[in-house]
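This report concerns only the one structure given below.
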Amino acid sequence: MFNKILIANRGEIALRVICAAKDLGIRTVAVYSEADRHSLHVRFADEAVCIGPAKSTRSYLDIPSVISAAEITNVDAIHPGYGFLSENADFAEVCEMSGIKFIGPRPDVTRLMGMKQQARAAMKAAGVPILPGSEGVLSSAEEGLEMAARVGYPVILKAVAGGGGRGMRVVREAAELPGLLAQAQSEAGAAFSVPDVYLEKYVGAPRHIEFQVLADEHGNVEVLGERECSIQRRHQKLIEEAPSPAVSPKLRKRIIESLKKALGDIGYSNAGTVEFLMDEDESLYFIEVNARIQVEHPVTEMITGVDLVKAQIRIASGEKLDTIITEPIQLRGHAIECRINAEHPETFAPCPGRITGLNLPGGAGVRVDTAAYTDGVIPPYYDSMIAKLIVHGRDREEARARMRRALDMFVVEGIYTSIPLHKRIIDHPDFIDARLDTNFMARMLAKAAH
Ligand code: ADP
């Protein structure tokens, strides 16, 4: 096992990794920007190194600075958290070359998963259902038109190197396709330096459902059920739950079997998430793999009892999966997570600033992952998520009731947060009845505006 690891991240996820390392008896090194000098991850790590100014391109994203910090503190491994360098295959390679273990998949696997049309082909080859669409990159508008005619409109054009919903265009009829293809290509080129675009069938009101995977470095793969993340605003998830109310035991079993084969064939290792869309017929179709730990991992931890971050560290140290997961995975009860953002609950404008008062909810079945504290300052430079409120109940309704009372007892003073918005969602009749799809928020907000 490792003696010391560096956490190349900030905020709640840096603290989350510190907790896992402490539970394993591993020493920790925090890195921080000048804006994060007084952060809790700096306070609770055994050592801390300042790696640059507030701007993340000059600190948390600066590979030479992170590697230097790892070298001077003599760590064995680096945990990248999510975001920042977590899916940067070049960074994982530099770690490898510097003799530092990167806690995540191999760089070649991360690179393959980052090229979405290749990931699509790899999944298809292993029997995972994908949406009908192009086999590879679209070479011309003519090819796009031919393909769209075959799968039927609407279709969606997507950047192969995409992320954060950029480089995507929905095409409703043939006449629009050449123009939208050019737009998608130029947006993708500007955002990802790769202009390549592929095409797939567009699903009108899908549910977003994703499966949590753990794989060791000896070819063993486990799938820890799914999460439903259909409550999104502009492709950003707001609420996640596990299990999905829409996945039957039979469908779950089928997808898990196909994913075990696919990820085994790919040579996947460490934690990952395989994302799907569910259409109105309740069929699931693969869309992409996220080769990292995700924000919403705690809902899976609550229903499986598996500490996913500890598992990541143990896997990276070479342990076999059957020593980490010693009993068949069982899904117990229901968990819900609300992402609490520092933003105005109606205008969604970011709201950094000083937290003048804070009460974190507790009691049975409640977990809060946060790096916020009274008198702490939320800097304007980073993501606006300041806390994750996670609840667990015997069933969905018990979890929902716990979420409602925990939101009532969650007090943040000095800045606006999304807590009032979450209360509205949790009380919404469609949420109560689990009638969920990715247009839920747009519908709820449009109705409130009238
Ligand atoms: P990114 O990596 O940019 O986040 P994804 O492939 O994960 O891209 O897609 C992001 C979101 O875009 C999905 O959660 C879904 O809401 C929407 N989306 C993507 N592909 C489709 C599709 N074929 N049909 C309908 N919506 C889609």
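Start at 1 with the first residue, then count along the sequence. It should be emphasised that the depicted structure is a prediction, and the values quoted were computed from it without experimental measurement. Note that ligands are numbered from 1 as they come in the structure, with each ligand's atoms numbered from 1 the same way.
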For the pair [X] and [Y], find out whether any cationic side-chain nitrogen is under 4.0 Å from an anionic carboxylate oxygen.
X	Y	value
Arg106	Glu96	no
Lys101	Glu217	yes
Glu257	Lys261	no

Practice task
Would you verify whether the NZ or CZ of Arg254 falls within 45 degrees of the ring axis of Phe211 while also being under 6.0 Å from that six-membered ring's centre?
Solution key: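 Judged by the rule, Arg254 and Phe211 form no cation-pi pair.
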Exercise for the section: Please name the pair of heavy atoms, one in Arg120 and one in Leu199, separated by the smallest distance, quoted to 0.1 Å. Expected result: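 Distance-wise, the nearest heavy atoms are NH2-O, 4.2 Å.
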I'd like to check which ligand 1 atoms, numbered from 1 as shown, lie under 4.0 Å from a non-hydrogen atom of [X].
X	result
Glu275	7 (O)
Leu131	23 (N)
Gly163	1 (P), 2 (O), 3 (O)

Side chains of [X] and [Y]: is there a donor and an acceptor less than 3.5 Å apart?
X	Y	result
His334	Glu241	yes
Gln294	Thr273	yes
Tyr382	Ser33	yes

Which of the listed options, [options], holds the heavy atom that is closest to [atom]?
atom	options	answer
atom 22 (C) of ligand 1	Leu157, Ile209, Leu277, Val170	Leu277
atom 12 (O) of ligand 1	Glu200, Gln232, His235	His235
atom 23 (N) of ligand 1	His208, Arg166, Lys201, Arg120	Lys201
atom 2 (O) of ligand 1	Glu210, Gln236, Lys116, Lys237	Lys116

What protein heavy atom is closest to [atom], reported as residue, atom name and distance in Å?
atom	answer
atom 7 (O) of ligand 1	Glu288 OE2, 2.5 Å
atom 3 (O) of ligand 1	Gly165 N, 2.6 Å
atom 13 (C) of ligand 1	Ile287 CD1, 4.1 Å

Exercise for the section: Examine the proximity of ligand 1 to Met168 and report which part, side chain or backbone, both or neither, has a heavy atom under 4.0 Å away. Expected result: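 Near ligand 1, Met168 shows its side chain, while the N, CA, C and O stay back.
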Practice task
Mind checking the CD-OH spacing from Glu343 to Tyr416? Nearest 0.5 Å is all I need.
Solution key: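 Here the interatomic distance stands at 13.0 Å.
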Handout entry: Nitrogen or oxygen of Val203 less than 3.5 angstrom from that of ligand 1
Key =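 In this structure, Val203 places an N or O atom under 3.5 Å from an N or O of ligand 1.
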Handout entry: Contact (N/O only, under 3.5 Å) between Lys158 and ligand 1
Key =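 So ligand 1 has an N or O lying under 3.5 Å from an N or O of Lys158.
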